[in-house]
Amino acid sequence: MKTIKYNMIFFLSVLLLFSCQEDDVTIGGIIAPTNVTLEATVVGVDEANPNGDGSGFVTLKANATNAISYKFDFGDGISEVSPSGEITHRFSVVGVNTFTVVVNAIGTGGLSSSTSVDVEVFSSFDDPEVKQFLTGGSTRTWYLAASEVAHLGVGGNADIAPDAFWFPSFFAAQPFEKCGIEISNCLCDDELIFTLTADGQLTYQLNNNSGTFFNASHQDIVGQNAGEDACFEFDTSGTSIVSLAPTSIDWETVPDPDFRPRGTVMNFSNDAFMGYYVSSSSYEILEISDTEMYVRTQDGLSPELYWYHKFQTSPAEDSFQSVFTNLVWSDEFNDDGAPDATKWGYDLGAGGWGNQELQTYTNDSKNVIVEDGLLKITAIAENGGYTSARLKSENLSEFTYGRVEVRAKLPAAQGTWPAIWMLGANFDEVGWPNCGEIDIMEQTGQDKSKTSGALHQPDAFAGNAFTNEIANETSTTEFHNYSVEWTTDEIKILVDDTVFLTYANTDSTPFNLDFFMILNVAMGGTLGGTVDPSFVQDSMEIDYVRVYQ
């Protein structure tokens, strides 16, 4: 299924040359291979097993004079190239079957000569239940489970990750992380179609809707290099034959007794792949049911890496239903004037606030006011510096668990750093980051097309915090809902009810005590960056703040 063009035909493209091994075809200095031989050895043959041990493995050895490579067509719909002429292939059709294996010995200029041999081999491996799950008995379409954590992930093999080689320990995508950003949104509309034919053959087609998401290290095939994972137009039309084989991994070495994968491997012909391109056509099924599938594949260029994918039989829905429905606290900002003193206090002063920020916080009405049904926090350039405001609910409204929802429109000016966040109420006692921090919304001063969320705690804070971002092109021109869903087990951060960060909460984290809310607009600093020299003023406008439990 790869769209590879072999540039070895040039002027011979109008002249098709096929020769038997006895021929000696010569065109100038271009010589077709001669004396082509092919030997086949079925693995496990003995007196009791004349057609092999049931593994289906056959070792093939080709040789020819003047050959520089060999292409094998195994007769089961699968082909492979071997420069050495030696290859081992697994025939997976159950039972004793005869396959005609053809080898093309390739010479300089693309001239080739061929020979063939019939191979009779016994294969005993089959997984009818997997075929049923994949196809529903006829044809079934699978989609990326984009709403799940680790719908795309990567981990190491047992050599580099001996204590974590069975799950994506290096990276696990957050819900819809690979769907809303231009460089990767082609991944989420892939359709993976499995069919069980009338004669029991399992086939596969990938409809990538014109775009394939390529790993950064595997883009040579499209003749481009984006320097990062990116989408490219790529032809995935055609049908692949899927052969099943048992796993070669000894899963008994996994220390987690609850992890025991299926043990069935899918091998795709024609270089087919399952959505994300990492130069691999072999996928081990870890889990599968009528509606869900979890697979992993070894990176074709970096065998120390394994990629993980989750799929489901319906397109992923990005709608979200909160478990918290009881409104326990809110500020709708309906009364003009200063913010409600029973709900909000202030942090005041300058000093950089630990982030080299440039502003001085005040409680002056020019920096913070309620009018027209909105809370407006305004950063202003004045007296050679900047003023702004930072509101907090400390000692006024503090709570553990629930849903916080803030509807806001953000400042557009370069250098502004708006934030909607929460801090542990024991901050004065244990300090930061021991108290914990939940950033519901932050935005850098240089890129207003995205917003982010983060969680800071003692073992992961500042630049090492648990964080993620989401595309938000209209953050400065339209109001959006910025939310956190906080339970004993999970913390989810959302924009307009799309989850883009999910964190597993446990008893050992600081996220099981009271927190208070903070609303502010900083200037410059570590995330604000360089302030526009022509900056005069800009505001974050907030329609409401609501807390549900």
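Along the sequence shown, residues are numbered consecutively beginning with 1.
- The closest side-chain donor-acceptor pair between Y482 and N472 falls under 3.5 angstrom.
- There is a side-chain donor-acceptor pair under 3.5 Å between H480 and T474.
- Counting only heavy atoms from C-beta outward, the side chains of Y544 and N481 approach each other to under 4.5 Å.
- Side-chain contact, T506 with S508: a donor N or O sits under 3.5 Å from an acceptor N or O.
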Candidate pair T139 and T195, rule side chain to side chain donor-acceptor pair (under 3.5 Å), full reasoning:
CA-CA 4 Å; T139 295; T195 299; 3.1 Å; yes
M274 and F268: side chain to side chain contact (heavy atoms under 4.5 Å, CB included), yes or no, with the steps?
CA-CA 9 Å; M274 297 181 75; F268 297 89; 3.9 Å; yes
For side chain to side chain donor-acceptor pair (under 3.5 Å), just list the numbers for T444 and K450, CA-CA rounded to whole Å, side-chain angles, deciding distance to a tenth of an Å, and then say yes or no.
CA-CA 8 Å; T444 71; K450 303 173 184 176; over 6 Å; no
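- Between the side chains of Q205 and N207, no donor-acceptor pair of N or O atoms lies under 3.5 Å.
- No side-chain donor-acceptor contact under 3.5 Å links E357 to the backbone of Q359.
- At a threshold of 4.0 Å, the pair D331-R546 does not count as salt-bridged, since none of the basic side-chain nitrogens sits closer than that to a carboxylate oxygen.
- The aromatic rings of W344 and W329 lie perpendicular to each other, with more than 60° between the two planes, well past the 30° mark.
- To the nearest 0.5 Å, the span separating CG on D514 from CG on N426 amounts to 9.0 Å.
- Between the side chains of S269 and S240, at least one donor-acceptor pair of N or O atoms lies under 3.5 Å.
- Between D163 atom CG and F165 atom CZ the span is 9.5 Å, to the nearest 0.5 Å.
- Residues T498 and D496 bring no donor and acceptor atom of their side chains to less than 3.5 Å of each other.
- A donor and an acceptor atom, one from each side chain of D538 and T416, are nowhere located under 3.5 Å apart.
- Of all the heavy atoms in N267 and S282, the pair that sits closest is OD1-OG, 2.8 Å.
- Ring to ring, Y503 and F511 are close: their centroids are under 6.0 angstrom apart.
- Checked against the 6.0 Å centroid threshold, W421 and W432 do not count as a close aromatic pair.
- Defined by atom type and a distance below 3.5 Å, a donor-acceptor pair is present between the side-chain atoms of W251 and E284.
- Atoms CZ and OG, on R90 and S92 in that order, are 8.5 Å from each other to the nearest 0.5 Å.
- Between D126 and K131 there is a salt bridge, since at least one side-chain N of the basic residue sits less than 4.0 Å from a carboxylate O of the acidic one.
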Could you walk me through whether N505 and N512 pass the side chain to side chain donor-acceptor pair (under 3.5 Å) test, one step at a time?
CA-CA 8 Å; N505 196 19; N512 298 287; 3.2 Å; yes
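- Heavy atoms of other residues, nucleotides or ligands lying less than 6.0 angstrom from CD of E233 number 12 at most.
- Under 4.0 Å is where a charged nitrogen must lie from a carboxylate oxygen, and between E541 and R407 no such pair does.
- Contact check for V406 versus M441: no side-chain heavy atoms found under the 4.5 Å cut-off.
- Atom-to-atom distance recorded for T467:OG1 and E469:CD is 7.5 Å, nearest 0.5 angstrom.
- No donor-acceptor pair under 3.5 Å is formed between the side chain of S280 and the backbone N or O of T297.
- Ring geometry for F311 against H309 counts as tilted: the plane angle lies between 30° and 60°, on a 0 to 90° scale.
- The residues R403 and D497 are annotated as salt-bridged, a charged nitrogen and a carboxylate oxygen being separated by less than 4.0 angstrom.
- Q201 places no side-chain N or O within donor-acceptor distance of the main-chain N or O of I241, the cut-off being under 3.5 Å.
- Y204 contributes atom OH, which lies 7.0 Å from atom OH of Y283 (distance to the nearest 0.5 angstrom).
- Here the options are S388, S539, P411, the test is side-chain contact (heavy atoms from CB on, under 4.5 Å), and the partner is I377; only S388 passes.
- For F515 and W486, the gap between ring centers is short of 6.0 Å.
- Taking the six-membered ring where the residue is Trp, the centroids of F214 and F234 are separated by under 6.0 Å.
- Under the 3.5 Å distance criterion, with hydrogens and angles disregarded, a donor-acceptor pair is assigned to the side chains of D299 and H218.
- When atom types are taken as modelled, the side chain of D532 and the backbone of A413 share no donor-acceptor pair closer than 3.5 angstrom.
- The two residues K448 and P418 come nearest to each other via the heavy atoms NZ-CD, 4.1 Å.
- Side-chain atoms of Q443 and W417 form no donor-acceptor pair, as typed in the model, at a separation below 3.5 Å.
- If you take OG1 on T451 and CG on L410, they are separated by 7.0 Å, rounding to the nearest 0.5 Å.
- Taking the ring centre of F194 as origin, the terminal cationic atom of R140 falls outside the region bounded by 6.0 Å and 45° from the ring axis.
- Residues Y276 and W307 bring their aromatic ring centres within 6.0 Å.
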Quick one: do T487 and D489 satisfy side chain to side chain donor-acceptor pair (under 3.5 Å)? Show the steps, please.
CA-CA 5 Å; T487 73; D489 300 319; 5.0 Å; no
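- Side-chain contact of S322 with E485: a donor-acceptor pair under 3.5 Å is present, judged by distance alone.
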Is there a side chain to side chain contact (heavy atoms under 4.5 Å, CB included) between E304 and Q298 once you walk through the steps?
CA-CA 8 Å; E304 70 277 6; Q298 192 170 28; over 6 Å; no
